[in-house]
There are 2 protein chains.
Amino acid sequence: MAASTGQLCPQRLTMEHVTSRWGVLVLIRLQERPHRFAELRRAIDATESVGPVTEKMLAQTLQSLERDGMVNRDAKPVVPPHVEYSLTELGHEAAVQIRALALWTNDRMDQVEKARETYDASKGRA
Amino acid sequence: MAASTGQLCPQRLTMEHVTSRWGVLVLIRLQERPHRFAELRRAIDATESVGPVTEKMLAQTLQSLERDGMVNRDAKPVVPPHVEYSLTELGHEAAVQIRALALWTNDRMDQVEKARETYDASKGRA
DNA sequence: CAGTATCCGACACGATACTG
DNA sequence: CAGTATCGTGTCGGATACTG
């Protein structure tokens, strides 16, 4: 009868936003320098071994991060539109944490893959 | 035509496992000391502002982490079954990263909530 | 005790089309 | 250029029941 799904504490929500698939990439890209929307999109698309971001997901990710106070959205009132996204102080702190995690993951990736093979070999077919 | 969903690089998978809802809690709990299955379950259930884990999800989380080489599963051949879960060296490293992220999130949570209110106030009803 | 098996609803995500 | 709206589907995750 309960609400079941959706019962997340606010911390969980925040973590989901910053550790989400595109959240991670956005934070890391914006850590380097501010980006415009399409620019960010292209930067992410160019990232090796990462599929393309849809506009929808990028917009959604940026909105989550903006709402959480991680990202500043600076829309200059010109035509055609020119919007710059950058990290807030909070967002910068988040990026540091995320970057550390991402780098560690990359570092240990071969260990992890080795472990997976071993595990699968002993489990997949006894 | 492509597979669309599911096209994740292995790093992404690893991050999903360790940053997942229950992955985080398992890593943090096991960082303190080894736990048995039900013990771990109760420990997590007792965590404030976190809903209960189903057996399914806990088992699944532990298997992912074991497969990734983060968790050791030590099943003692006694009856009734006695299984101890502990962190590997790799898992300990992961726990350090995750713990840092979790602590940071907790630390900044009020800033985030404040940001959310501000955002919602200016967006939710202009 | 320590899981596995099955069913099922919610929603995250992608594809596509449209707008200021 | 920088998005929003809508739709379809695959997957996650919870509830429940069963097993060694």
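This structure is a prediction, so every number in the text was calculated from the model and none was measured.
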Review point. Any ion pair linking A/E39 and A/R33 (charged N to carboxylate O, less than 4.0 Å)?
Key: yes
Phosphate contact ([N] OP1 or OP2) by [X] side-chain N/O below 4.0 Å:
| X | N | value |
| --- | --- | --- |
| A/Q63 | D/dT4 | yes |
| B/Y85 | C/dG3 | yes |
| A/R21 | C/dG14 | yes |
| B/R36 | C/dA2 | yes |

Point to revise | For D/dG20, the Watson-Crick or wobble partner whose two distances fall under 3.5 Å | key: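 Across all strands, the one nucleotide that pairs with D/dG20 is C/dC1.
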Starting at atom [atom1] of [X], determine the distance to atom [atom2] of [N], rounded to an integer number of angstrom.
| X | N | atom1 | atom2 | result |
| --- | --- | --- | --- | --- |
| A/L40 | D/dC1 | CG | C1' | 14 Å |
| B/L58 | D/dG14 | CG | C1' | 14 Å |
| A/E16 | D/dC12 | CD | C1' | 11 Å |
| A/E55 | C/dG14 | CD | P | 13 Å |
| A/D45 | C/dG14 | CG | C1' | 13 Å |
| B/M57 | D/dC12 | CE | P | 9 Å |

Study note, to complete from the structure: Note: for A/P81 and A/S20 on DNA chain C, the residue whose nearest nucleotide lies more 5' is A/S20
[X] and [Y]: side-chain donor and acceptor closer than 3.5 Å?
| X | Y | value |
| --- | --- | --- |
| B/R29 | B/H35 | no |
| B/R116 | A/T14 | yes |
| A/Q11 | B/N106 | yes |

Review point. Which part of the nucleic acid does B/R73 contact within heavy-atom distance under 4.0 Å: base, sugar-phosphate only, or nothing?
Key: sugar-phosphate
Exercise for review: Between D/dG13, D/dC1, C/dG3, spot the one nearest the side chain of B/K56, thanks.
Suggested key: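 Side chain of B/K56 sits closest to D/dG13.
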Review point. Side chain of B/W22: nearest nucleotide among D/dG14, D/dC1, C/dA2?
Key: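 Nearest nucleotide to the side chain: D/dG14.
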